[in-house]
Amino acid sequence: MILQLNGISKRFGGLQAVSNCSFTVEKGKVVALIGPNGAGKTTIFNLITGALKPDSGSIYFKGKDITNVQEHKRVHLGMARSFQDVRALTEMTVLENVILACPSRYAESPLLSLVRPNQVRKEESHNIKKVFEILEYVGLSDKKDKLAGDLSYAEQKLLILARLLATDAELLLLDEPASGLDPGSLRKFVELIRDLTNNNKTILIVEHNVSLVSEISDKMVFLHHGEALAEGKPDEVAKNEELRDIYFGA
Amino acid sequence: MLKLENVQVSIGKKRILEDVTMHVAKEEIVAFIGHNGAGKSTTLGAVLGTHRIQNGTIELNNKALTNLSTTDIVREGIGLVPQLNNVFRNLSVEENLELGSVVNQGENGAFTIEKVYEIFPILRERKKQLVGTMSGGQRQMVAIGIGLMSNPSYLLLDEPSVGIQPNLVDKVMETIVKVNKEFGISILIVEQNIKKVLEIADRVYVMSRGSIIKEFVPGTINSEELWQLM
Amino acid sequence: MEILWQLFIQGVVLSMVYLLIASGFSVIYGTTGHFHISHAGVFTLAGYVLYLLMESMGLPIWISLILAIVISAILGALIYLTLYRAVLSRNGTHLVLFIASLGLLTVIDNGIVAIFSPDPQTFTTSVEFNKVLMILGAPVTVIQLGMIIIGIVALLLLYVFMNRTKAGRMIKAASVNPDLSQIVGISLKKIHVICYAIGSALVAIPGFYFALDTGANSGKGVELVILAVMAVIMGGIRSLVGAWIASLFIGMFYNMSILWIPPHWQTSIIFFLFLIMIMVRPTGLFGQRA
Amino acid sequence: MELLIGFAILACIYIILASSLNILIGYTGIFSMAQAAVFGVGAYAAALLETKLTWGFIPSLIGAIVIAGVISAIMAFPSLGVSGDYFIVASFGLQMLIHTLFMNLDGLTNGPAGVQRIPRPEFFGYQLNSDIEYLILTILLTAIVLWFLVGISKTGFGRVLRAIKEDETVVQSLGKSAKRSKITVTVLSGCVAAVAGSIYANYVTYISPASFTIHESIFIAQLIILGGLGSWRGATIGTIILLGLPEVLKFLPISETYAAPLRQVFFGLLIIGFMILRPQGIFGTNMAKKIKIKDSNITAELGEGEKA
């Protein structure tokens with residue numbers, strides 16, 4: 001078990017976006033959050049990554065209580081997220097986009113870059129090597145010097161995945177990674193995601209497309225009104241009439 | 001008849017609508033379902049002229065609407081019921097309704113504020129109240145009122161059940177049917193609440209990834225099949 | 001007690017200056033979202049327009065005032081129709097518009113200096129208006145009194161216009177929801193022109209006051225406008241009444257606090273308070289969360 | 001010749017100022033309108049250390065850098081929490097606040113009268129009295145500053161700054177503290193502006209609040225916008241061209257009373273022209289477009305994410 005939510009609640013003004021939500025994510029699995037619109041899926045993402053603070057409840061990551069850990073420090077602990085609207089840094093090259101995600105001790109500190117230039121060089125060349133490997137893996141190595149803004153939409157989505165991998169995170173949170181992809185790119189994407197779990201990654205995914213999710217996930221968590229109504233194997237959840245009704249008529 | 005043929009829309013790099021062909025016949029209620037980001041709202045935007053169409057045509061009663069200005073499209077008889085959080089929150093009920101008729105003001109058979117009050121008596125009682133201070137259900141009535149005030153022959157509704165209490169959803173659906181039956185206004189409704197919208201629709205389109213993947217008549221499909229489509 | 005009353009009256013005068021500048025800015029910013037820093041340029045131009053009408057053309061003051069208000073409104077609308085629309089149609093962003101507006105302000109302020117010299121242009125006819133009246137023991141010049149009265153009338157008209165006319169409702173509608181406004185058939189371009197005209201007419205009034213009081217002069221506008229913008233932010237964007245209360249506060253603070261705080265520290269304190277406020281409550285005192 | 005040397009020294013000072021603002025606006029997207037204030041803090045700090053504590057040029061320069069850095073850090077706090085137009089207004093406010101401090105902290109700054117008799121730098125008993133000697137020192141310092149800034153901008157830190165300009169949320173999501181980087185770069189920019197301030201104070205030997213007004217801040221911002229945001233060539237060559245062009249007016253038979261404002265008018269027209277035709281400035285790539293002014297309208301939290 002890599003991630004555990006214990007009775008998380010979050011209120012926005014008059015709306016209970018997440019209420020007493022609990023579920024777990026097992027290491028090396030693909031877990032999908034599904035549910036009708038407004039079920040609180042993205043809010044839960046924001047709570048896990050620390051962009052939002054829960055009103056109550058606790059979140060454990062790798063056995064450590066991270067409920068009050070700052071957003072960027074959670075990345076250091078080994079989780080990273082993507083966004084629904086891609087958000088590639090379009091004015092930077094593909095290489096820069098990915099190297100930016102590498103953990104850095106020396107190169108990104110203006111002081112250390114002055115006093116420890118050797119260390120900086122070492123770190124940068126190590127990172128560049130790593131980035132090359134990642135770009136190779138996702139199939140973008142021939143585009144490395146292009147501006148991210150010049151990539152196609154599907155390529156940008158791969159770039160985002162590369163960026164997540166560069167963070168060295170073990171838990172990847174993907175917010176609708178497949179939306180807007182044409183069937184060809186989609187196949188490639190699904191294969192990549194499957195392959196990632198073989199490389200020791202755990203994936204938590206938000207996706208509306210039930211059939212896609214059934215295909216790639218090991219477990220589904222069904223959310224409704226911010227509550228985890230059910231969790232289980234995709235086909236079990238899919239067969240549940242009650243959930244289906246909720247999904248169709250929230 | 002409102003007809004879309006091979007409509008294609010991109011926003012930035014992202015192709016939102018791949019190829020949308022659909023129609024709404026006179027006095028019909030057509031529902032438009034599919035998961036988030038499938039392109040339903042964009043389709044409404046394309047019809048209204050708020051999204052530029054790269055390819056394809058949109059026709060209303062054999063007259064091309066493609067890339068006309070929004071005002072002209074509304075003048076041709078397309079009305080929009082905005083999402084309830086998208087009404088003019090800093091104005092009163094009456095002012096909202098009044099602004100709804102900027103385009104087709106005083107035309108023959110124009111919808112009047114009185115008529116809206118007849119449909120929603122509560123709005124008459126609250127006509128001076130700021131819309132921003134009203135409940136979701138009441139704001140939804142205002143939103144429908146705004147759509148009607150442009151005197152449309154085709155009314156587009158953008159997720160009318162979002163943001164209102166579950167027990168009021170039936171009421172909203174009833175009103176839509178009433179508008180359709182009593183005033184002969186054709187309806188194109190985008191909705192997340194599939195169960196409810198299937199109860200009122202004559203025909204349903206399922207959209208996925210910017211394309212229409214299925215067209216059916218409610219009752220001819222079971223929930224197992226529907227689940228697979230989503 | 002008397003001194004308090006005198007300070008209060010002077011506070012009212014200064015408050016009116018900020019009220020008018022802030023209302024003008026608020027009408028424009030609240031609807032268009034344009035950071036129209038050249039509002040300060042219109043402020044300056046208004047004073048010189050009045051100077052030309054009264055001194056060069058010898059028109060009587062009332063006619064000059066009315067003409068100058070109309071001309072200022074037209075100038076404001078023209079800035080939008082020519083410069084801003086040209087910028088927006090090509091490159092879009094509001095930051096580019098802000099920079100262009102800064103450029104225009106530089107042109108206006110320095111163009112005037114090049115034409116009229118850096119010295120204030122004093123009104124020969126204004127001597128009679130500098131007559132001091134006593135209101136319950138507090139000295140007020142005729143110009144100050146005139147500005148307060150015209151200002152109150154203008155603000156009342158603005159309030160009535162915004163809340164009682166259809167055009168006002170359209171402006172309010174366009175300010176909260178431009179997309180739906182377009183869909184219901186409101187022309188945003190027309191609405192924006194109206195807002196620029198109204199905003200510029202409002203800022204012209206304190207422009208006249210400064211010109212008549214100390215002579216038409218250039219370069220005084222920026223700081224006044226920035227303070228007024230702070231009032232708009234403190235009051236909450238799109239809250240006219242909020243901007244009014246904050247302007248009153250700034251104007252009153254300047255004068256009333258003289259009793260406790262050395263005068264030269266007031267500006268510092270206002271900026272300081274603003275910075276604190278923006279940290280604590282960035283939506284402004286009366287701004288609602290959408 | 002004298003004219004040329006004087007121009008060269010001023011050009012160097014503005015190159016440093018433009019560069020200090022370039023790393024803020026051009027790289028990080030922090031649109032500060034308070035750079036003249038920071039420049040002033042540096043100038044005052046150097047001048048006061050030299051006149052009141054009789055420190056030498058180099059110690060005063062270092063002192064000025066430290067003081068301006070500290071004050072920049074303090075300035076960064078209130079304003080970094082807000083974005084877009086609010087930030088611009090906040091930075092205007094800071095500019096005006098600091099200007100009033102120059103005016104009013106009589107005991108320290110000597111109020112509107114300013115600080116006088118600032119000595120020219122002295123090295124090992126040799127005083128740089130002639131302008132040409134001072135120019136050499138200035139060029140040397142300018143070169144060091146530019147080397148430093150360009151170097152920094154090419155490191156990973158520069159990469160983070162450019163990423164912040166594009167999308168702060170993404171930077172945060174990749175495990176970098178955007179806030180810390182923004183404070184660091186603000187301090188860095190303040191330190192660099194202090195170098196310009198110190199050179200300026202020792203060159204004119206007399207400083208007063210009138211040199212550090214809001215109009216000066218606007219001028220510096222305009223320089224860098226015209227030169228090209230995010231471009232070091234823009235900050236250097238652009239600044240020289242833009243400062244030099246209006247100097248031509250000096251050779252026309254116009255009295256200085258008119259020439260000075262006309263130079264400004266010319267400058268303003270240039271800005272307007274560029275904003276319409278080429279908002280990225282002379283040397284900039286299309287970066288001006290990329291600084292987003294966010295809508296001050298705070299969208300309902302409900303909306304975040306759930307609705308595509």
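For the numbers below, each heavy atom of this structure counts, side chains included, while hydrogens, waters and symmetry mates do not. Protein chains get the first letters and strands the later ones, always in sequence-line order, with residue 1 at the start of each.
- Residues D:I271 and C:V107 have side chains not in contact (no heavy-atom distance under 4.5 Å, counting atoms from C-beta outward).
- Residues passing the side chain to side chain contact (heavy atoms under 4.5 Å, CB included) test with D:K179, sequence neighbours excluded: D:S177, D:I183.
- Residues passing the ring pair (Phe, Tyr, Trp, His ring centres under 6.0 Å) test with D:F102, sequence neighbours excluded: D:Y44, D:F212.
- Using a 4.5 Å cut-off on side-chain heavy atoms (C-beta onward), D:F267 and C:N110 make no contact.
- The two atoms that bring D:T100 and C:S268 nearest to each other are OG1-OG, 2.7 Å, heavy atoms only.
- Most heavy-atom pairs under 4.5 Å with chain D, from the set C:A100, C:G219, C:S117, C:G103: that is C:G103.
- Taking the side chain as every heavy atom from C-beta outward, D:L101 and C:W265 approach each other to under 4.5 Å.
- At most 12 non-hydrogen atoms from other residues, nucleotides or ligands lie less than 6.0 angstrom from CZ of C:F272.
- Contacts of D:L269 with chain C are made by both backbone and side-chain atoms, with heavy-atom separations under 4.5 Å.
- Closest approach of D:L97 to C:F271, counting heavy atoms only: N-CD1, 3.6 Å.
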Is there a side-chain contact (heavy atoms from CB on, under 4.5 Å) between D:D85 and C:I233 once you walk through the steps? CA-CA 10 Å; D:D85 294 346; C:I233 291 178; over 6 Å; no

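- There is no contact between D:M75 and chain C, counting heavy-atom distances below 4.5 Å.
- Among the candidates C:V113, C:I270, C:L105, the residue making the largest number of heavy-atom pairs closer than 4.5 Å to chain D is C:V113.
- Only the side chain of C:P118 comes within contact range of chain D, judged by heavy atoms closer than 4.5 Å.
- With rounding to the nearest 0.5 Å, the separation of CD1 in D:I88 from CZ in C:F35 is 6.0 Å.
- Using a 4.5 Å cut-off between heavy atoms, C:I108 does not touch chain D at all.
- Between chain D and the options C:L83, C:I99, C:L275, heavy-atom pairs under 4.5 Å are most frequent for C:I99.
- Here the closest non-hydrogen pair linking D:V265 and C:G111 is CG2-N, 3.3 Å.
- For the pair C:A86 and D:I276, the tightest heavy-atom approach, listed with the atom from each and the gap, is CB-CD1, 4.1 Å.
- What you find for D:Y86 and C:I278 is that their closest heavy atoms are O-CD1, 3.8 Å.
- Of the listed residues C:V229, C:D109, C:L104, C:T267, the one with more heavy-atom pairs under 4.5 angstrom with chain D than any other is C:L104.
- Residues C:T106 and D:G268 share a closest heavy-atom pair of CB-CA, 4.2 Å.
- More than 12 heavy atoms of other residues, nucleotides or ligands sit less than 6.0 Å from atom NZ of D:K182.
- Residues C:L102 and D:Q222 are in side-chain contact: their nearest non-hydrogen atoms beyond the backbone lie under 4.5 Å apart.
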